[in-house]
Amino acid sequence: MTDAQTEVTIAVAAYPLDWFDSFADYEAKISGWVGNAAGARAELLVFPEYGAMELSSLGGAEVAADLERALHEVARHRPAMDALFCTLAARHGIHILGPSGPVFTGERPVNRATLYGPGGVIGHQDKQIMTRFEREEWNVLPGAEGLTVFDTPLGKIGVAICYDSEFPLLARKLAEEGVEILLVPSCTETRAGYWRVRTGASARALENQCVAAHSCLIGKAPWCAGVEENTGASALYGPPDQGWPEDGLLVMSGMDEAGWMLDRVSRDLIAWTRAHGGVLNFRHWEEQDARLANGTVWRGAS
């Protein structure tokens with residue numbers, strides 16, 4: 001068990017994809033983004049789902065525009081990407097959930113988000129439930145390792161990548177293992193997709209009386225296969241309860257506006273809400289089982 005600080009400043013990125021002619025250009029972009037957040041005293045940074053896909057540009061236009069070749073090109077740069085984020089996390093003394101992207105653990109890739117800390121790679125979370133596009137067209141597979149709890153000096157952290165946030169039992173399992181901060185990196189093409197993840201993230205914060213940190217990929221990248229159009233607004237959500245905003249919204253970016261959104265979150269308040277809140281969703285969750293055990297009553301029309 002890690003002795004954790006009681007408050008943490010979280011920064012969620014609304015992050016656009018860019019074209020790069022060299023890895024040095026990518027390094028400069030990421031260093032600038034991380035430096036800006038660290039300069040604002042952020043301690044936990046969250047980048048979005050498939051933010052790593054911009055690395056496909058390093059293979060040239062034909063590679064970046066091809067669904068299959070783009071996956072392999074991005075995966076090829078994973079070691080350099082890991083080294084970059086490790087360096088930045090150590091330099092600034094922060095924790096970073098890096099942009100997710102493909103990693104080949106077999107013949108087909110998983111969609112992996114890695115958590116970096118001042119001491120290096122802490123671990124990773126692979127997406128668990130794939131969207132129709134990922135399974136029917138891209139052939140990106142769910143991770144075989146299941147869910148990960150990151151026990152850090154900032155508290156216990158879990159990750160629900162995009163579509164995973166729409167399935168409550170995944171976040172519930174993490175919460176049962178002590179997770180207080182749920183990171184939700186996402187990539188959504190349409191506003192409907194964004195609203196699905198936004199609704200999922202805020203609902204998970206309500207049910208588990210925790211904080212959900214939603215980071216969105218934004219903007220157009222017509223050259224980048226699979227993520228040509230992206231929309232969203234990054235935000236931090238908490239439970240609508242005493243001591244929290246009435247709507248549960250701590251902070252939110254403008255729609256499709258690039259940059260960081262930050263707020264300071266109290267782990268003590270999370271614990272207090274779970275124990276003494278106006279409602280006790282986290283504690284009362286298991287009562288659903290008893291209610292469901294009574295079965296379904298069917299009644300005919302009068």
Relative to the ring of Phe167, is the ring of Tyr163 parallel (under 30°), tilted (30 to 60°) or perpendicular (over 60°)?
perpendicular
Hey, are the side chains of Met130 and Trp138 touching, using non-hydrogen atoms and a 4.5 Å cut-off?
no
Is there a donor-acceptor contact under 3.5 Å linking the side chains of Thr9 and Arg264?
yes
I'd like to know if Arg172 pairs up with Glu176 as an ion pair, taking the criterion as any Lys NZ or Arg NE/NH1/NH2 lying under 4.0 Å from an Asp or Glu carboxylate oxygen.
yes
Is a donor from one side chain sitting under 3.5 angstrom from an acceptor on the other, for Gln125 and Glu145?
no
Answer yes if the side chains of Trp223 and Ser57 hold a donor-acceptor pair under 3.5 Å, and no otherwise.
no
Rounded distance [0.5 Å steps], SG in Cys162 versus NZ in Lys127
4.5 Å
For a 4.5 angstrom cut-off between non-hydrogen side-chain atoms, does Cys216 reach Ser234?
yes
Could you tell me if the ring centre of Phe47 sits under 6.0 Å from that of Phe85?
yes
I'd like to know if the side chain of Asn208 and the backbone of Ala175 have a donor-acceptor N/O pair within less than 3.5 Å.
no
Below 6.0 angstrom between ring centroids: does that apply to Tyr15 and Trp260?
no
Would you confirm whether Asn230, through its side chain, and Gly219, through its main-chain N or O, come within 3.5 Å as a donor-acceptor pair?
yes
Kindly indicate whether the side chain of Tyr26, heavy atoms from C-beta on, has any atom under 4.5 Å from the side chain of Ile30.
yes
Ring centre gap for His95 and Phe150 strictly below 6.0 Å
no
Say whether, by atom type as modelled, one donor and one acceptor occur between the side chain of Asp256 and the main chain of Gly232 under 3.5 angstrom.
yes
What distance do Leu97 atom CG and His124 atom NE2 have between them, rounded to the nearest 0.5 Å?
12.0 Å
Between the side chains of Ser165 and Arg196, does any donor sit under 3.5 Å from an acceptor?
no
Taking atom types as modelled and ignoring hydrogens, do the side chains of Asn111 and Ser100 form a donor-acceptor contact shorter than 3.5 angstrom?
yes
Do Leu236 and Val12 touch side chain to side chain, with heavy atoms closer than 4.5 Å?
yes
Please determine whether a side-chain nitrogen of the Lys or Arg among Arg274 and Glu180 lies less than 4.0 Å from a carboxylate oxygen of the Asp or Glu.
no
Could you walk me through whether Arg108 and Glu134 satisfy the salt bridge (Lys or Arg N to Asp or Glu O under 4.0 Å) test, starting with their C-alpha distance in whole Å, then the side-chain angles of each, then the deciding distance to 0.1 Å, before giving a yes or no?
CA-CA 11 Å; Arg108 298 307 307 163; Glu134 286 172 310; over 6 Å; no
For Asp18 and Lys29, run salt bridge (Lys or Arg N to Asp or Glu O under 4.0 Å): C-alpha distance rounded to whole Å, both residues' side-chain angles, the deciding distance at 0.1 Å, then the answer.
CA-CA 9 Å; Asp18 288 309; Lys29 176 186 178 181; 2.9 Å; yes
State whether the number of non-hydrogen atoms from other residues, nucleotides or ligands found under 6.0 Å of Glu62 atom CD is greater than 12.
no
Return the OG to CG distance between Ser202 and Asp247, rounded to the nearest 0.5 Å.
10.0 Å
Looking at side-chain heavy atoms only, is the closest gap between His72 and Arg69 below 4.5 Å?
no
Glu177 and Lys173 ion-paired at < 4.0 Å:
yes
I'd like to check Thr148 versus Val159 (side-chain heavy atoms, cut-off strictly below 4.5 Å). Are they in contact?
no
